[in-house]
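Everything on this sheet refers to the single structure shown next.
Start at 1 with the first residue, then count along the sequence. Atoms within a ligand are numbered from 1 in the order they appear, just like the ligands themselves.
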Amino acid sequence: MTAQRVLEAVSAERLHGLLDTLATFGPGERGGMNRQALSDEDFQARAWLIGKAQQLGCQVWSDGCANLFIRREGREDLPAVMTGSHIDTQPTGGRLDGCYGVMAGLECLYALEDAGIRTRRPIEVVVWTNEEGSRFSPGAMGSSAYVEPARLAAYRNNIDANGISVGQALDAHSRRFADLPLRAKIDAHAFVELHIEQGPVLEQAGIALGVVTGIQGVRWYQVRCKGVSAHAGTTPMSMRRDALLLAIETVSRIDGLADRLAGDDKRLTFGRWSVLPNAINTIANEATFSIDFRHADPAVLAAFDEQLAACLPLDAELQSLFSHAPTAFDPAVISVLEQACDATGRARLPIRSGAFHDAMYLAGHCPTGMLFVPSRDGISHNPLEFTEPAQLETGTRALAWGLVSLAEQP
Ligand code: HGY
Ligand code: MN
Ligand code: MN
(Lines give C-alpha, C1' and ligand atoms only; values in the text may rest on other atoms or scores of the structure.)
(Ligands and ions follow the chains in the order given, each with its own letter.)
Protein backbone atom coordinates (compact mmCIF):
# COMPACT_ATOMS: atom_id res chain seq x y z
CA MET A 1 0.00 0.00 0.00
CA THR A 2 1.25 3.46 -0.91
CA ALA A 3 1.23 4.79 2.65
CA GLN A 4 3.22 1.81 3.87
CA ARG A 5 5.86 2.32 1.15
CA VAL A 6 6.37 5.92 2.24
CA LEU A 7 6.48 4.90 5.90
CA GLU A 8 9.27 2.48 5.03
CA ALA A 9 11.11 5.09 2.94
CA VAL A 10 11.59 7.36 5.97
CA SER A 11 15.31 7.65 6.61
CA ALA A 12 16.38 7.79 10.26
CA GLU A 13 19.79 9.13 9.29
CA ARG A 14 18.35 11.94 7.16
CA LEU A 15 15.79 12.87 9.86
CA HIS A 16 18.45 13.21 12.56
CA GLY A 17 20.70 15.10 10.13
CA LEU A 18 17.92 17.61 9.52
CA LEU A 19 17.33 18.03 13.26
CA ASP A 20 21.05 18.41 13.96
CA THR A 21 21.49 21.04 11.23
CA LEU A 22 18.43 23.03 12.32
CA ALA A 23 19.83 23.04 15.86
CA THR A 24 22.93 24.93 14.66
CA PHE A 25 20.84 28.06 14.09
CA GLY A 26 20.41 29.90 17.39
CA PRO A 27 22.13 27.59 19.89
CA GLY A 28 21.36 28.45 23.50
CA GLU A 29 22.86 27.63 26.85
CA ARG A 30 23.61 24.08 28.03
CA GLY A 31 23.09 22.55 24.57
CA GLY A 32 19.62 24.02 24.22
CA MET A 33 18.13 26.50 21.80
CA ASN A 34 17.40 30.22 21.77
CA ARG A 35 15.93 30.95 18.35
CA GLN A 36 13.49 33.79 18.94
CA ALA A 37 10.73 34.43 16.40
CA LEU A 38 11.86 36.57 13.45
CA SER A 39 15.37 36.95 14.88
CA ASP A 40 18.51 36.74 12.74
CA GLU A 41 18.93 33.13 13.86
CA ASP A 42 15.34 32.42 12.81
CA PHE A 43 16.01 34.02 9.41
CA GLN A 44 19.17 31.91 8.97
CA ALA A 45 17.22 28.75 9.77
CA ARG A 46 14.46 29.76 7.38
CA ALA A 47 16.96 30.47 4.57
CA TRP A 48 18.48 27.01 5.04
CA LEU A 49 15.05 25.33 5.11
CA ILE A 50 13.82 27.20 2.02
CA GLY A 51 16.99 26.11 0.18
CA LYS A 52 16.41 22.46 1.16
CA ALA A 53 12.78 22.64 0.06
CA GLN A 54 13.61 24.20 -3.30
CA GLN A 55 16.34 21.59 -3.91
CA LEU A 56 13.62 19.01 -3.31
CA GLY A 57 11.56 20.55 -6.10
CA CYS A 58 9.00 22.12 -3.78
CA GLN A 59 7.52 25.55 -4.16
CA VAL A 60 7.76 27.82 -1.12
CA TRP A 61 5.33 30.58 -0.26
CA SER A 62 5.06 32.99 2.62
CA ASP A 63 2.25 35.26 3.85
CA GLY A 64 1.70 38.48 5.78
CA CYS A 65 2.74 36.85 9.06
CA ALA A 66 5.89 35.23 7.61
CA ASN A 67 4.45 31.72 7.76
CA LEU A 68 6.29 29.43 5.31
CA PHE A 69 4.41 26.95 3.10
CA ILE A 70 6.55 24.22 1.48
CA ARG A 71 4.38 22.57 -1.17
CA ARG A 72 4.84 19.27 -2.98
CA GLU A 73 2.31 19.09 -5.79
CA GLY A 74 -0.14 16.18 -6.08
CA ARG A 75 -1.58 14.42 -9.09
CA GLU A 76 -4.68 16.57 -8.81
CA ASP A 77 -5.13 20.22 -7.91
CA LEU A 78 -7.20 19.54 -4.77
CA PRO A 79 -7.00 21.17 -1.34
CA ALA A 80 -3.71 20.12 0.23
CA VAL A 81 -2.96 18.03 3.25
CA MET A 82 -0.92 20.26 5.54
CA THR A 83 1.52 19.36 8.28
CA GLY A 84 4.08 21.38 10.22
CA SER A 85 4.72 23.25 13.43
CA HIS A 86 7.12 26.03 14.50
CA ILE A 87 10.87 26.61 14.61
CA ASP A 88 10.94 29.51 17.04
CA THR A 89 12.00 28.37 20.50
CA GLN A 90 11.83 29.38 24.12
CA PRO A 91 14.82 31.47 25.35
CA THR A 92 16.19 28.36 27.10
CA GLY A 93 14.38 25.86 24.96
CA GLY A 94 15.12 22.43 23.58
CA ARG A 95 15.92 21.21 20.06
CA LEU A 96 12.63 19.38 19.46
CA ASP A 97 9.70 21.58 20.54
CA GLY A 98 8.13 22.55 17.20
CA CYS A 99 11.30 21.82 15.25
CA TYR A 100 10.61 18.08 15.27
CA GLY A 101 7.23 18.52 13.57
CA VAL A 102 8.71 20.65 10.78
CA MET A 103 11.74 18.41 10.20
CA ALA A 104 9.61 15.25 10.29
CA GLY A 105 7.28 16.83 7.73
CA LEU A 106 10.24 17.63 5.48
CA GLU A 107 11.53 14.07 5.92
CA CYS A 108 8.14 12.79 4.73
CA LEU A 109 8.60 14.80 1.53
CA TYR A 110 12.03 13.24 1.04
CA ALA A 111 10.53 9.80 1.67
CA LEU A 112 7.85 10.45 -0.96
CA GLU A 113 10.59 11.31 -3.44
CA ASP A 114 12.61 8.21 -2.56
CA ALA A 115 9.50 6.05 -2.89
CA GLY A 116 8.70 7.66 -6.26
CA ILE A 117 5.17 8.41 -5.14
CA ARG A 118 3.00 11.35 -6.21
CA THR A 119 -0.01 11.61 -3.90
CA ARG A 120 -3.44 12.55 -5.20
CA ARG A 121 -3.51 15.74 -3.15
CA PRO A 122 -0.65 18.19 -2.67
CA ILE A 123 1.15 17.97 0.67
CA GLU A 124 2.42 21.11 2.40
CA VAL A 125 4.87 21.44 5.27
CA VAL A 126 4.27 24.67 7.19
CA VAL A 127 6.45 26.76 9.48
CA TRP A 128 4.09 28.81 11.65
CA THR A 129 5.58 32.06 12.92
CA ASN A 130 6.00 32.88 16.62
CA GLU A 131 4.24 29.91 18.18
CA GLU A 132 6.05 30.29 21.49
CA GLY A 133 5.01 33.86 22.10
CA SER A 134 8.18 34.38 24.13
CA ARG A 135 9.43 37.33 22.07
CA PHE A 136 6.05 38.70 20.93
CA SER A 137 2.61 38.05 22.40
CA PRO A 138 0.38 36.29 21.61
CA GLY A 139 1.61 32.78 21.16
CA ALA A 140 0.63 30.86 18.01
CA MET A 141 0.59 34.22 16.24
CA GLY A 142 1.27 32.92 12.72
CA SER A 143 -1.39 30.23 12.74
CA SER A 144 -3.96 32.53 14.32
CA ALA A 145 -3.28 35.23 11.72
CA TYR A 146 -3.48 32.60 8.98
CA VAL A 147 -6.95 31.39 9.91
CA GLU A 148 -8.18 34.93 10.70
CA PRO A 149 -6.10 37.45 8.67
CA ALA A 150 -7.94 40.41 10.25
CA ARG A 151 -5.94 39.73 13.43
CA LEU A 152 -2.62 40.69 11.82
CA ALA A 153 -3.07 44.45 11.87
CA ALA A 154 -3.28 44.54 15.67
CA TYR A 155 -0.48 41.98 16.06
CA ARG A 156 1.87 44.23 14.07
CA ASN A 157 1.72 46.81 16.88
CA ASN A 158 2.89 44.40 19.62
CA ILE A 159 6.45 45.02 20.74
CA ASP A 160 9.23 42.90 22.21
CA ALA A 161 11.33 43.68 25.29
CA ASN A 162 13.59 45.90 23.15
CA GLY A 163 10.71 47.94 21.71
CA ILE A 164 10.84 46.31 18.28
CA SER A 165 7.35 45.79 16.87
CA VAL A 166 5.99 42.70 15.16
CA GLY A 167 5.45 44.91 12.11
CA GLN A 168 9.11 45.91 12.00
CA ALA A 169 10.19 42.28 12.36
CA LEU A 170 7.76 41.11 9.67
CA ASP A 171 8.93 43.88 7.30
CA ALA A 172 12.54 42.77 7.88
CA HIS A 173 11.45 39.24 6.95
CA SER A 174 9.81 40.53 3.77
CA ARG A 175 13.01 42.30 2.78
CA ARG A 176 15.18 39.26 3.62
CA PHE A 177 12.92 36.88 1.63
CA ALA A 178 11.73 39.34 -1.03
CA ASP A 179 11.61 36.71 -3.76
CA LEU A 180 9.21 34.41 -1.87
CA PRO A 181 5.73 34.73 -3.38
CA LEU A 182 3.00 35.61 -0.90
CA ARG A 183 -0.19 33.58 -0.55
CA ALA A 184 -3.36 34.16 1.39
CA LYS A 185 -5.29 31.49 3.28
CA ILE A 186 -6.42 28.59 1.10
CA ASP A 187 -8.67 25.61 1.75
CA ALA A 188 -6.98 22.59 3.25
CA HIS A 189 -8.15 19.00 3.28
CA ALA A 190 -6.60 18.36 6.69
CA PHE A 191 -3.82 19.49 9.01
CA VAL A 192 -1.69 17.13 11.12
CA GLU A 193 0.92 18.31 13.62
CA LEU A 194 3.55 15.94 14.99
CA HIS A 195 5.01 17.16 18.28
CA ILE A 196 6.81 15.99 21.40
CA GLU A 197 4.40 15.50 24.31
CA GLN A 198 6.30 17.87 26.61
CA GLY A 199 4.83 16.03 29.58
CA PRO A 200 5.29 12.66 31.37
CA VAL A 201 2.20 10.67 30.28
CA LEU A 202 3.53 8.59 27.35
CA GLU A 203 6.83 7.82 29.04
CA GLN A 204 5.12 6.75 32.27
CA ALA A 205 2.72 4.56 30.25
CA GLY A 206 5.67 3.08 28.33
CA ILE A 207 3.91 3.88 25.04
CA ALA A 208 5.70 5.28 21.99
CA LEU A 209 2.88 7.17 20.27
CA GLY A 210 0.10 9.50 21.40
CA VAL A 211 -2.99 10.22 19.29
CA VAL A 212 -4.07 13.61 20.57
CA THR A 213 -7.79 14.07 21.27
CA GLY A 214 -7.59 17.82 21.88
CA ILE A 215 -5.85 20.71 23.64
CA GLN A 216 -6.74 22.31 26.97
CA GLY A 217 -7.66 25.99 27.02
CA VAL A 218 -5.17 28.74 27.89
CA ARG A 219 -5.23 32.22 29.45
CA TRP A 220 -2.24 34.61 29.50
CA TYR A 221 -2.46 37.81 31.56
CA GLN A 222 -0.05 40.48 32.72
CA VAL A 223 -0.46 42.18 36.13
CA ARG A 224 1.29 45.42 37.11
CA CYS A 225 1.36 46.20 40.86
CA LYS A 226 2.23 49.78 41.84
CA GLY A 227 4.12 51.02 44.86
CA VAL A 228 6.18 54.02 45.89
CA SER A 229 9.94 53.94 45.52
CA ALA A 230 11.75 55.06 48.65
CA HIS A 231 14.98 54.51 50.55
CA ALA A 232 15.57 50.95 51.74
CA GLY A 233 17.38 52.07 54.85
CA THR A 234 15.46 55.04 56.11
CA THR A 235 11.83 54.17 55.36
CA PRO A 236 9.99 52.50 58.24
CA MET A 237 8.09 49.37 57.15
CA SER A 238 4.79 51.02 58.20
CA MET A 239 5.39 53.83 55.69
CA ARG A 240 6.21 51.68 52.70
CA ARG A 241 4.20 50.75 49.62
CA ASP A 242 6.44 48.03 48.24
CA ALA A 243 5.19 46.95 44.80
CA LEU A 244 7.01 43.64 44.99
CA LEU A 245 5.48 42.68 48.34
CA LEU A 246 2.08 43.62 46.89
CA ALA A 247 2.78 41.38 43.90
CA ILE A 248 3.78 38.47 46.12
CA GLU A 249 0.56 38.80 48.16
CA THR A 250 -1.38 39.03 44.87
CA VAL A 251 0.27 35.89 43.49
CA SER A 252 -0.74 34.06 46.66
CA ARG A 253 -4.40 35.09 46.22
CA ILE A 254 -4.39 34.06 42.54
CA ASP A 255 -2.87 30.72 43.52
CA GLY A 256 -5.71 30.22 46.00
CA LEU A 257 -8.30 31.06 43.33
CA ALA A 258 -6.76 28.51 40.96
CA ASP A 259 -6.72 25.89 43.72
CA ARG A 260 -10.41 26.43 44.39
CA LEU A 261 -11.32 26.32 40.69
CA ALA A 262 -9.01 23.62 39.35
CA GLY A 263 -7.82 21.46 42.25
CA ASP A 264 -5.32 18.83 41.08
CA ASP A 265 -5.81 19.88 37.44
CA LYS A 266 -4.33 23.31 38.25
CA ARG A 267 -1.75 24.51 35.76
CA LEU A 268 -0.75 28.01 36.91
CA THR A 269 2.57 29.72 36.13
CA PHE A 270 3.99 33.16 36.96
CA GLY A 271 6.85 32.92 34.52
CA ARG A 272 7.88 36.45 33.54
CA TRP A 273 8.68 39.22 36.04
CA SER A 274 9.99 42.76 35.97
CA VAL A 275 10.62 44.89 39.06
CA LEU A 276 11.40 48.62 38.90
CA PRO A 277 13.69 50.27 39.55
CA ASN A 278 15.25 46.87 40.35
CA ALA A 279 17.82 48.40 42.68
CA ILE A 280 19.08 46.71 45.84
CA ASN A 281 18.47 49.70 48.10
CA THR A 282 15.30 51.17 46.61
CA ILE A 283 11.79 49.97 47.42
CA ALA A 284 10.09 48.78 44.22
CA ASN A 285 7.54 51.15 42.76
CA GLU A 286 6.45 48.69 40.07
CA ALA A 287 6.25 44.89 39.94
CA THR A 288 4.90 43.30 36.75
CA PHE A 289 4.29 39.58 36.33
CA SER A 290 2.67 37.23 33.83
CA ILE A 291 -0.02 34.64 34.49
CA ASP A 292 -0.35 31.45 32.44
CA PHE A 293 -3.46 29.47 33.42
CA ARG A 294 -4.60 26.32 31.60
CA HIS A 295 -7.64 24.06 31.93
CA ALA A 296 -9.73 21.71 29.80
CA ASP A 297 -13.09 22.95 31.15
CA PRO A 298 -14.42 26.19 29.59
CA ALA A 299 -16.44 26.88 32.77
CA VAL A 300 -13.27 26.83 34.90
CA LEU A 301 -11.52 29.17 32.46
CA ALA A 302 -14.52 31.54 32.49
CA ALA A 303 -14.64 31.51 36.30
CA PHE A 304 -10.93 32.34 36.42
CA ASP A 305 -11.50 35.25 34.03
CA GLU A 306 -14.39 36.53 36.16
CA GLN A 307 -12.72 36.19 39.56
CA LEU A 308 -9.14 37.20 38.73
CA ALA A 309 -9.60 40.98 39.14
CA ALA A 310 -10.86 40.51 42.71
CA CYS A 311 -7.45 39.06 43.61
CA LEU A 312 -5.62 42.25 42.66
CA PRO A 313 -4.90 45.52 44.51
CA LEU A 314 -7.42 48.19 43.46
CA ASP A 315 -4.82 50.22 41.54
CA ALA A 316 -3.17 47.25 39.83
CA GLU A 317 -3.26 47.05 36.02
CA LEU A 318 -4.56 43.81 34.46
CA GLN A 319 -3.98 43.07 30.76
CA SER A 320 -5.16 40.02 28.84
CA LEU A 321 -2.33 38.87 26.53
CA PHE A 322 -3.73 35.71 24.99
CA SER A 323 -6.70 33.42 25.29
CA HIS A 324 -7.83 30.25 23.52
CA ALA A 325 -10.68 27.90 24.30
CA PRO A 326 -10.20 24.16 24.70
CA THR A 327 -9.91 22.39 21.32
CA ALA A 328 -11.30 19.03 20.20
CA PHE A 329 -9.67 17.38 17.15
CA ASP A 330 -11.51 15.86 14.21
CA PRO A 331 -12.68 12.25 14.78
CA ALA A 332 -12.01 11.23 11.17
CA VAL A 333 -8.44 12.54 11.32
CA ILE A 334 -7.98 10.88 14.71
CA SER A 335 -9.07 7.59 13.14
CA VAL A 336 -6.51 7.93 10.32
CA LEU A 337 -3.78 8.74 12.86
CA GLU A 338 -4.73 5.70 14.94
CA GLN A 339 -4.30 3.54 11.83
CA ALA A 340 -1.02 5.34 11.12
CA CYS A 341 0.26 4.40 14.57
CA ASP A 342 -0.86 0.82 14.04
CA ALA A 343 1.03 0.75 10.73
CA THR A 344 4.26 1.35 12.69
CA GLY A 345 3.52 -1.69 14.83
CA ARG A 346 3.87 0.36 18.01
CA ALA A 347 1.32 0.90 20.76
CA ARG A 348 -0.64 4.15 20.91
CA LEU A 349 -2.47 6.07 23.61
CA PRO A 350 -5.24 8.69 23.36
CA ILE A 351 -3.99 11.83 25.09
CA ARG A 352 -5.09 15.44 25.62
CA SER A 353 -2.41 18.06 25.10
CA GLY A 354 -1.41 20.17 28.11
CA ALA A 355 0.58 22.47 25.83
CA PHE A 356 -1.05 24.60 23.17
CA HIS A 357 -0.04 24.20 19.52
CA ASP A 358 -0.74 25.80 16.16
CA ALA A 359 -3.15 22.92 15.59
CA MET A 360 -5.58 24.62 17.98
CA TYR A 361 -6.14 27.35 15.37
CA LEU A 362 -6.03 25.04 12.35
CA ALA A 363 -8.82 23.02 13.99
CA GLY A 364 -11.08 25.97 13.18
CA HIS A 365 -9.98 25.93 9.54
CA CYS A 366 -9.93 22.27 8.48
CA PRO A 367 -10.13 18.74 9.95
CA THR A 368 -7.13 18.62 12.28
CA GLY A 369 -5.26 16.15 14.46
CA MET A 370 -1.96 15.67 16.26
CA LEU A 371 0.50 12.93 17.03
CA PHE A 372 2.83 12.88 20.06
CA VAL A 373 6.04 11.11 20.88
CA PRO A 374 7.34 10.81 24.47
CA SER A 375 9.45 13.41 26.29
CA ARG A 376 12.10 12.02 28.62
CA ASP A 377 11.16 12.82 32.23
CA GLY A 378 8.31 14.91 30.78
CA ILE A 379 10.74 17.80 30.38
CA SER A 380 10.38 20.56 27.77
CA HIS A 381 11.04 24.30 27.51
CA ASN A 382 14.42 23.28 28.91
CA PRO A 383 17.76 22.38 27.26
CA LEU A 384 17.34 18.90 28.73
CA GLU A 385 14.38 18.28 26.38
CA PHE A 386 14.99 14.84 24.83
CA THR A 387 13.21 12.04 22.99
CA GLU A 388 14.82 8.73 22.07
CA PRO A 389 15.98 8.75 18.42
CA ALA A 390 14.00 5.58 17.72
CA GLN A 391 10.85 7.27 19.05
CA LEU A 392 11.46 10.28 16.80
CA GLU A 393 11.76 7.89 13.86
CA THR A 394 8.55 6.03 14.80
CA GLY A 395 6.64 9.31 15.06
CA THR A 396 7.91 10.36 11.64
CA ARG A 397 6.86 7.04 10.14
CA ALA A 398 3.39 7.38 11.60
CA LEU A 399 3.20 10.92 10.22
CA ALA A 400 4.26 9.70 6.77
CA TRP A 401 1.58 7.02 6.75
CA GLY A 402 -1.07 9.44 7.96
CA LEU A 403 -0.21 12.20 5.48
CA VAL A 404 -0.22 9.83 2.50
CA SER A 405 -3.44 8.20 3.63
CA LEU A 406 -5.13 11.62 3.93
CA ALA A 407 -3.59 12.80 0.65
CA GLU A 408 -5.04 9.81 -1.20
CA GLN A 409 -8.56 10.57 0.01
CA PRO A 410 -11.01 11.80 -2.64
O1 HGY B 1 3.01 27.37 25.86
C2 HGY B 1 2.72 26.37 25.20
O3 HGY B 1 1.86 25.58 25.55
C4 HGY B 1 3.48 26.09 23.91
O5 HGY B 1 4.47 25.17 24.18
N6 HGY B 1 4.06 27.26 23.35
MN1 MN C 1 5.61 23.67 20.45
MN1 MN D 1 6.75 25.37 23.34
Side-chain angles (χ1 to χ4, degrees), residues 19 22-23 26 28 32-38 42 45 67 83-105 125-145 191-202 210 212 214-222 265-272 290-296 301 320-327 351-363 368-375 378-387 392 395 399:
L19 285 165
L22 180 57
M33 298 307 304
N34 180 12
R35 188 188 305 123
Q36 290 303 299
L38 301 173
D42 190 21
N67 296 310
T83 187
S85 192
H86 60 95
I87 62 169
D88 64 297
T89 74
Q90 286 287 321
T92 56
R95 296 162 40 117
L96 296 172
D97 179 357
C99 302
Y100 170 51
V102 177
M103 293 299 103
V125 178
V126 186
V127 176
W128 299 112
T129 299
N130 189 39
E131 187 277 347
E132 292 293 0
S134 53
R135 179 182 180 193
F136 298 111
S137 282
M141 179 183 281
S143 51
S144 71
F191 176 75
V192 177
E193 182 167 2
L194 172 62
H195 207 284
I196 52 172
E197 180 202 331
Q198 301 180 290
V201 173
L202 290 175
V212 188
I215 302 178
Q216 67 178 344
V218 52
R219 293 291 188 273
W220 281 4
Y221 287 97
Q222 178 169 284
D265 292 333
K266 178 174 85 172
R267 298 290 185 277
L268 176 66
T269 311
F270 304 100
R272 187 174 68 191
S290 62
I291 301 171
D292 178 324
F293 181 68
R294 317 267 178 125
H295 204 276
L301 293 161
S320 170
L321 297 178
F322 174 42
S323 166
H324 199 282
T327 304
I351 182 172
R352 183 181 63 223
S353 179
F356 66 71
H357 302 282
D358 294 301
M360 68 185 172
Y361 282 109
L362 274 295
T368 294
M370 287 189 77
L371 284 170
F372 275 172
V373 293
S375 291
I379 287 181
S380 182
H381 286 193
N382 182 318
L384 293 176
E385 185 178 275
F386 178 83
T387 298
L392 294 174
L399 179 68

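- Residue E131 approaches ligand 1 through these ligand atoms, each under 4.0 Å from one of its heavy atoms: 4 (C), 6 (N).
- Looking from atom 5 (O) of ligand 1 to the surrounding protein, the closest heavy atom is H381 NE2, 3.2 Å.
- Smallest separation of non-hydrogen atoms from G217 and L301: CA-CD1, 3.8 Å.
- Taking any N or O of W220, backbone or side chain, none lies under 3.5 Å from an N or O belonging to ligand 1.
- Residue H195: an N/O/S atom is found under 2.8 Å from the Mn ion (ligand 2).
- Within the structure, the salt bridge (Lys or Arg N to Asp or Glu O under 4.0 Å) test picks out the following pairs touching residues 134-143 (sequence neighbours left out): R135-D160.
- Not a single heavy atom of H357 sits under 4.0 Å from any atom of ligand 1.
- Rounding to 10 degrees gives 90° for the angle at the Mn ion (ligand 3) between OE1 of E132 and NE2 of H381.
- Aromatic ring centroids of H357 and F372 lie under 6.0 Å apart.
- For ligand 1, the atoms lying closer than 4.0 Å to a non-hydrogen atom of A355 are 3 (O).
- Of the polar atoms of G354, none of the N or O atoms is found under 3.5 Å from an N or O of ligand 1, judged by distance alone.
- Scanning both residues, E132 and T89, for their nearest heavy atoms gives CG-C, 3.7 Å.
- Polar contact with ligand 1: present for R294 (N/O pair, distance under 3.5 Å).
- One of the N, O or S atoms belonging to D97 lies under 2.8 Å away from the Mn ion (ligand 2).
- For F322 and F356, the ring centers are positioned less than 6.0 Å apart.
- No donor-acceptor pair under 3.5 Å is formed between the side chain of N130 and the backbone N or O of A37.
- The closest approach between Q90 and ligand 1 stays at or above 4.0 Å for every heavy atom of the residue.
- Residue G139 comes nearest to W220 through the heavy atom pair N-CZ3, 3.7 Å, listed as atom of the first residue, atom of the second, then distance.
- Residues passing the side-chain contact (heavy atoms from CB on, under 4.5 Å) test with F386, sequence neighbours excluded: R376, E388, P389.
- For atom 6 (N) of ligand 1, the closest heavy atom belonging to the protein is E132 OE1, 2.9 Å.
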